[in-house]
Amino acid sequence: MLRTHTCGELRLADVGATVTLCGWVQNHRDHGGVIFIDLRDRYGLTQVVFDADVCGAAAKEQADRLRSEWVVQVEGEVRARGEKNANKQLATGDIEVFARRLTVLNPAPTPPFEIDEHAKVGEEARLRYRFLDLRRPAMQRRLLLRHRIVQAARRYFDALGFVEVETPVLCKYTPGGARNFLVPSRLHPGQFYALAESPQLFKQLLMIAGYDRYVQIAKCFRDEDLRNDRQPEFTQIDLEMSFVTMDDIMEVGEGMARAVWREALGVELPAPFPRLTWQEAMDRYGSDKPDLRFALPIVDLSDWAAGCGFSVFEKALEAKGVVRALNAPGAAEQLSRRTLDQLTEFAKGIGAKGLAWIKIGADPGRAEDWQGPAAKNITPQARAQLAERLQVRAGDVLFFGADTLKTVRTVLGAVRNQLGRELLQLARPGEWRFLWVHSAPLCEWSEEERAWVANHHPFTAPYREQLPLLASDPGAVLSQSYDLVLNGNEIGGGSIRIHDAATQQAVFQALGIGPEEAQRKFGFLLHALSYGAPPHGGMAFGLDRLVMLLSGAESIREVIAFPKTQRGRDEMLDCPTAVSERQLAELHILTRLPPA
RNA sequence: GGCCUGGUAGCUCAGUUGGUUAGAGCGCCGCCCUGUCACGGCGGAGGUCGUGGGUUCAAGUCCCAUCCAGGUCGCCA
């Protein structure tokens, strides 16, 4: 080793020792007669002192030329700083190293930005110089947290007897779902692999193979547009179990979350996590991933709305829609007319025709104290009933949605989030509200494709007793599926899988995938299912999102060492790039570029 | 693909109604300083104002196109 200690470990007990440190020059403070250097590595910072009386004139002169981010080796003696000169903010602040010998291991140009906690740097510069950005404490903290999370998960699953198995990244193209990245085959002209969008099929095959507890920290690839929490390659903590029910998987998944929070954050999560059916979540919170850091429940008022006096509501009912509302208790003062107008525009952006609201003044019993676009038209009787149904008190603000069921759910769900997270700031930092949302519909009608499409994926098992409905009313069939939601973010999800070929065929049929097509696309799975597939199920956690939430980062890019930009480029590697004609020829590929 | 925000010194930003030589802080370079620790003092260098075109006597500023970054909708079974 070129060093005897790291820059974070020397203490008063080491005083008198001769040590050798290696690291980067964080800072140099030249006082003429004496030079201070802060030497940094990922373990910490140690102050090195160059005094000509100790190190000699030549070494001091050399130290004088040191610049930020040079890599140096320093041999010297550990000395106590004394009460007066100690730096309480530094773990090594009680000591300093009086240099005797200095070796410049590598000089460096002035970095494009300062490598310290305080420097504000834009993301573009950070990504172009990611190797420098990763030296910064914030990035180190996040990558180390990620490491601890992964280790905690691995220990947890290992202790439960899970087997870690790697599955291929080069896979077969599977239609439906996310767009695949394609990889040309040199050996098979005109044919392509697809990068795995998830290990889904492989883990089912592993269950058929009898590995009844599988786990993998798996890279997944999806060629879709990027978002603040979406990258084209990302990591899942993927697991699958045999001979289990929904409850078993949820228990294991919940246990992992508890282990991760305990080991990575030192936080003890309450058990068990609350559960809602998909239907309950959608009705009560207008979302399949409700943020439970605040209440603001949505109440159905369809029966009340008939004859309430407000024609907008009544017409929505006549059109077979619904009327629902939520009460923001005591929010009247925080929600100015201007804010409410902005919220109305926000609702319109999501698909609402408008957003009826009522502001309650000092006395809910007086008609004049009900103000807002919906207030005047409502009959006194309807108003009294409303006060009862929404538990109206002075200073409350009521919001109404009147439209199709789907629109009202979406709009009030979004309004609820906007109120809770932004306008009323009801979500406290450091608060972790977990929730299982289970039993979502198996499939959903797609106007675009004029067909029923799988909500989760086509291998998700419906509830057994609802199988007969599959042919007659596919939309009514619920699936044995579950999503783990944290503070309004989906952090994981899974399902019990179909384990027999007959049911799988029936589901394919309902999804408009004929026997021939099914055979062509998923024949290997159907074949395998016929060879003694055990009942099985599993789930996957989005590791990047998990780390993002645990670290409080604003974007997924902050918890990935080398992320892509929103257009899918790597600014540091400068890729993707064009390749030579020769390479293309070898892959039997002709490119067809869009017109310039 | 649509919409929104931004692009000015190495970094983070300001730049008024279109008008003199485009500024600040940090960083950088030089000199001084023996107890600093985001040291301090003095001095200095550093700009295709993303790119291309247009309007104008005059464009960082107005218009059009385009590129890049971020956000968002579509998309993500």
Side-chain angles (χ1 to χ4, degrees), chain A residues 26-40 45-54 60 64-65 67-69 79 81-82 84-90 92-93 96 98 109-129 132-133 174-180 197-198 200-201 220-232 234 346 349-351 410 414 440 442-444 446 448-449 451-460 479 481 490 493 495 507 511 513 521-522 542 554-555 557 564-569 571 574 594 596:
Chain A
Q26 172 73 32
N27 212 343
H28 48 110
R29 294 177 294 277
D30 184 349
H31 284 253
V34 65
I35 297 172
F36 299 101
I37 298 286
D38 290 335
L39 200 60
R40 186 200 70 235
L45 223 57
T46 300
Q47 174 163 285
V48 179
V49 187
F50 288 91
D51 186 328
D53 295 341
V54 179
K60 178 159 175 301
D64 191 34
R65 287 195 299 273
R67 291 296 178 266
S68 291
E69 301 307 311
R79 293 191 187 175
R81 288 211 205 177
K84 212 174 76 189
N85 290 322
N87 184 344
K88 299 289 176 225
Q89 280 157 6
L90 232 49
T92 61
E96 59 197 348
F98 267 71
T110 305
F113 48 81
E114 289 158 76
I115 314 298
D116 76 36
E117 195 96 56
H118 320 279
K120 279 204 315 183
V121 193
E123 202 178 351
E124 232 172 313
R126 289 175 52 204
L127 287 182
R128 201 159 41 246
Y129 291 91
L132 298 181
D133 186 39
T174 51
R179 190 178 293 118
N180 289 112
E197 60 184 78
S198 84
Q200 181 61 37
L201 295 171
C220 305
F221 305 86
R222 295 180 188 178
D223 188 9
E224 297 291 346
D225 283 6
L226 285 72
R227 284 288 187 283
N228 156 39
D229 61 351
R230 268 164 35 190
Q231 284 271 308
F234 62 99
F346 170 80
I350 293 158
T410 310
L442 185 71
C443 49
E444 199 181 12
S446 163
E448 198 183 327
E449 294 179 39
W452 292 95
V453 296
N455 232 330
H456 199 55
H457 55 56
F459 320 113
T460 302
S479 63
S481 65
E490 185 196 322
S495 62
V507 168
L511 296 173
I513 303 173
K521 290 169 176 168
F522 304 110
E554 295 287 324
S555 112
R557 295 182 299 275
K564 306 281 188 287
T565 68
Q566 197 171 53
R567 294 198 61 238
R569 293 199 65 86
E571 295 284 330
D574 191 26

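All chains are named by letter (A, B, ...) in the order of the sequence lines, taking the proteins before the strands, and each is independently numbered beginning at 1.
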Confirm from the modelled atom types if [X] and [N] form a donor-acceptor pair under 3.5 Å, side chain to base only.
| X | N | answer |
| --- | --- | --- |
| Arg227(A) | G70(B) | no |
| Arg81(A) | U36(B) | yes |
| Asp225(A) | G74(B) | yes |
| Arg230(A) | C76(B) | yes |

Exercise for review: Apply side chain to side chain donor-acceptor pair (under 3.5 Å) to the pair Gln47(A) and Asn87(A), showing each step before the final yes or no.
Suggested key: CA-CA 10 Å; Gln47(A) 174 163 285; Asn87(A) 184 344; over 6 Å; no
Exercise for review: Under a 3.5 Å limit for both distances, which nucleotide forms a Watson-Crick or G-U wobble pair with A24(B), could you say?
Suggested key: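 In the structure as shown, A24(B) has U12(B) as its Watson-Crick or wobble partner.
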Practice item. Write down the partner of A69(B) under the Watson-Crick or G-U wobble criteria, each distance required to be under 3.5 Å. Key: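 Its partner is U5(B).
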Practice item. Indicate whether OP1 or OP2 belonging to G71(B) is found under 4.0 Å from a side-chain N or O atom of Gln566(A). Key: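 Yes.
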Point to revise | Under-4.0 Å side-chain N/O to phosphate OP1/OP2 contact, Arg557(A) with G71(B) | key: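 It does, given that an N or O in the side chain of Arg557(A) lies less than 4.0 Å from OP1 or OP2 of G71(B).
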Contact class for [X] vs. all strands (heavy atom < 4.0 Å): base, sugar-phosphate, or nothing?
| X | answer |
| --- | --- |
| Asp53(A) | base |
| Glu124(A) | sugar-phosphate |
| Ala454(A) | sugar-phosphate |
| Ala52(A) | nothing |
| Glu197(A) | base |

Review point. Can you check whether Phe113(A) stacks with the C11(B) base, using ring centres under 5.5 Å and planes within 30°?
Key: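 Given the distance and angle limits, no, they do not stack.
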Point to revise | Stacked pair His31(A)-G35(B), distance under 5.5 Å, angle under 30° | key: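 Stack criterion not met.
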Practice item. Find which nucleotide of RNA chain B each of Asn27(A) and Asn228(A) is nearest to by heavy atoms, and output the residue with the more 5' nucleotide. Key: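 Looking at the nearest nucleotide for each, Asn27(A) comes out on the 5' side.
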**Study point:** Upstream residue (5' side of RNA chain B) when Arg567(A) and Glu554(A) are each assigned their closest nucleotide
**Key:**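 Whichever sits nearer the 5' end wins; that is Arg567(A).
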Exercise for review: Please test Ser495(A) against His457(A) for side-chain contact (heavy atoms from CB on, under 4.5 Å), starting from the C-alpha separation and ending with a verdict.
Suggested key: CA-CA 9 Å; Ser495(A) 62; His457(A) 55 56; 4.1 Å; yes
Kindly give the atom pairs (protein nitrogen or oxygen, nucleotide nitrogen or oxygen) under 3.5 Å for nucleotides 22-29 of chain B.
| residue | atom | partner | partner atom | Å |
| --- | --- | --- | --- | --- |
| C26(B) | O2' | Glu114(A) | OE2 | 2.9 |
| G27(B) | O4' | Glu114(A) | OE2 | 3.4 |
| C29(B) | OP1 | Arg67(A) | NE | 2.7 |

Check your understanding: Does Val453(A) reach the side chain of Cys443(A), with side-chain heavy atoms less than 4.5 Å apart?
Key ->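 A side-chain contact is absent here, since even the closest heavy-atom pair is not under 4.5 Å.
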Review point. Is there a donor in the side chain of Asn180(A) and an acceptor in the side chain of Glu197(A), or the other way round, less than 3.5 Å apart?
Key: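 Glu197(A) and Asn180(A) do have a side-chain donor-acceptor pair below 3.5 Å.
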